[in-house]
Amino acid sequence: MAPLPQIDLRSDTVTTPDDDMKKAMFDAPLGDDVLDHDPTMAKLEETVADVLGFEAALWVPSGSMGNVIALMLHLRRGDQFLAPDFAHVLGSELGTAAWLALGMPRALPHDGGPGRPSVDTVRREGAAGGPYFALRTTLLCLENTHNFAGGAVTGPADWANLVAAAKENELLVHLDGARLWNAAVALEVPPSELTRGADTVTVCMSKGLGAPVGSVLASDATRIEEARRIRKMLGGGVRQGGMLAAAGLVALQSMDRLADDHANARVLADGLRERGWTVTDPDTNIVLADSPDPSATVTELAAKGIGAVSVAGKVRFVTHRDVGRADVETVLHQLA
Ligand SMILES: *Cc1c(COP(=O)(O)O)cnc(C)c1O
């Protein structure tokens with residue numbers, strides 16, 4: 001295995017539990033979730049449902065499983081779903097949206113702003129009708145923040161307009177909110193303002209906040225009951241999962257700290273720009289840099305002890321809890 005980068009900006013998923021989190025995991029009340037519903041998982045599910053403004057929620061081992069369960073709830077054979085280009089459900093989940101959830105994907109341009117389609121595009125692409133052999137477009141899948149658009153935030157007004165356009169066409173709406181917490185912190189609004197009107201929402205507990213495992217799918221009680229069955233079908237029913245859910249509860253309490261990551265991302269972006277790089281203006285904790293050969297740039301960075309990845313034809317840097325301001329300064333110094 002290659003040595004780990006000294007300063008790891010590959011992803012905010014590299015954060016590990018601190019002592020407080022480990023203690024909470026160690027002390028969590030536990031039960032067999034498949035048989036009885038583990039009390040700590042139940043507590044996390046209720047808490048997240050509440051924070052997101054939904055009736056119910058379900059702990060899932062990963063964001064990908066949360067997304068595919070949502071899509072399995074919503075889609076049938078012959079259906080098409082819409083998602084912004086470079087969405088995680090399109091390119092980063094091995095096509096499960098198609099072969100497991102049975103939806104034909106349609107990628108939409110980011111013509112409404114970074115990471116999102118315009119209202120007109122949703123109206124046009126979501127329009128019903130056509131001959132019997134046409135696909136039925138039944139679902140709009142949005143992503144906030146949009147990862148491969150550079151952690152781009154969709155604010156409450158744009159979100160409301162997109163949901164309204166979807167509903168005009170009787171489309172269901174799924175929100176991949178893997179980094180919804182970042183969006184809420186960046187906008188200084190409660191997360192529930194960014195989920196209004198969605199039929200299902202997935203959030204991750206394991207990004208930037210130290211939880212080792214876990215995402216949550218939120219919806220109405222009926223859908224969550226069905227989602228529990230689908231999770232079991234996929235092999236995602238766990239037993240004493242409260243040990244993991246406890247980490248999610250601690251993560252929720254430390255949400256405000258994401259603002260530090262956002263500030264560090266801005267320092268990194270400004271510094272890179274001063275050094276001649278072309279970079280995105282980060283809304284949150286992700287900086288995308290242009291490169292004629294992103295993989296080669298990632299290799300060069302790795303040789304300097306800096307971890308980055310190549311996504312969507314760019315070099316991606318992600319700030320997180322385990323990278324402080326001093327580390328960002330070190331990175332910039334290395335690149336001077
Ligand atoms: C990380 C991420 C997910 C979920 O990833 P898992 O590794 O399956 O937990 C989903 N959507 C987006 C946009 C993500 O960045």
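Positions are given from 1, in the same order as the sequence printed here. Ligands are counted one by one from 1 in listed order, and the atoms in each one are counted from 1 as well.
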For [atom], find the nearest protein heavy atom and state the residue, atom name and distance (0.1 Å precision).
atom: atom 11 (N) of ligand 1; value: Asp176 OD2, 2.6 Å
atom: atom 9 (O) of ligand 1; value: Gly63 N, 2.9 Å
atom: atom 1 (C) of ligand 1; value: Lys207 NZ, 1.3 Å

- request: For ligand 1, indicate whether the residue Ser64 contacts it via side chain, backbone, both or neither (heavy-atom separation under 4.0 Å).
  value: both
query: Which one holds for Asn67 and ligand 1: side chain close, backbone close, both close, or neither close, with close meaning a heavy atom under 4.0 Å?
result: side chain
query: Under 6.0 Å between ring centres, would you say that holds for His110 and His146?
result: yes
- prompt: Can a donor-acceptor pair be found between the side chains of Glu93 and His88 at a distance below 3.5 Å?
  reply: yes
message: Side chains of Thr15 and Asp322 only: does a donor on one sit below 3.5 Å from an acceptor on the other?
response: no
Charged N-O contact under 4.0 Å between [X] and [Y]:
X: Arg179; Y: Asp12; answer: yes
X: Lys23; Y: Asp20; answer: no
X: Arg136; Y: Glu170; answer: no

- request: Take Asn182 and His262 through the test side-chain hydrogen bond (donor to acceptor under 3.5 Å, both in side chains) and record every step on the way to the result.
  value: CA-CA 8 Å; Asn182 293 85; His262 301 173; 3.0 Å; yes
task: Answer with yes or no whether His146 contacts ligand 1, where contact means a heavy atom under 4.0 Å from a ligand atom.
output: no
field: Contact atoms of ligand 1, heavy-atom distance to Ser62 under 4.0 Å
entry: 8 (O), 9 (O)
query: More than 12 heavy atoms of other residues, nucleotides or ligands under 6.0 Å from CZ of Arg76: is that the case?
result: no
Side chain or backbone, does [X] bring an N or O within less than 3.5 Å of an N or O on ligand 1?
X: Thr145; answer: no
X: Glu143; answer: no
X: Asn147; answer: yes
X: Glu93; answer: no

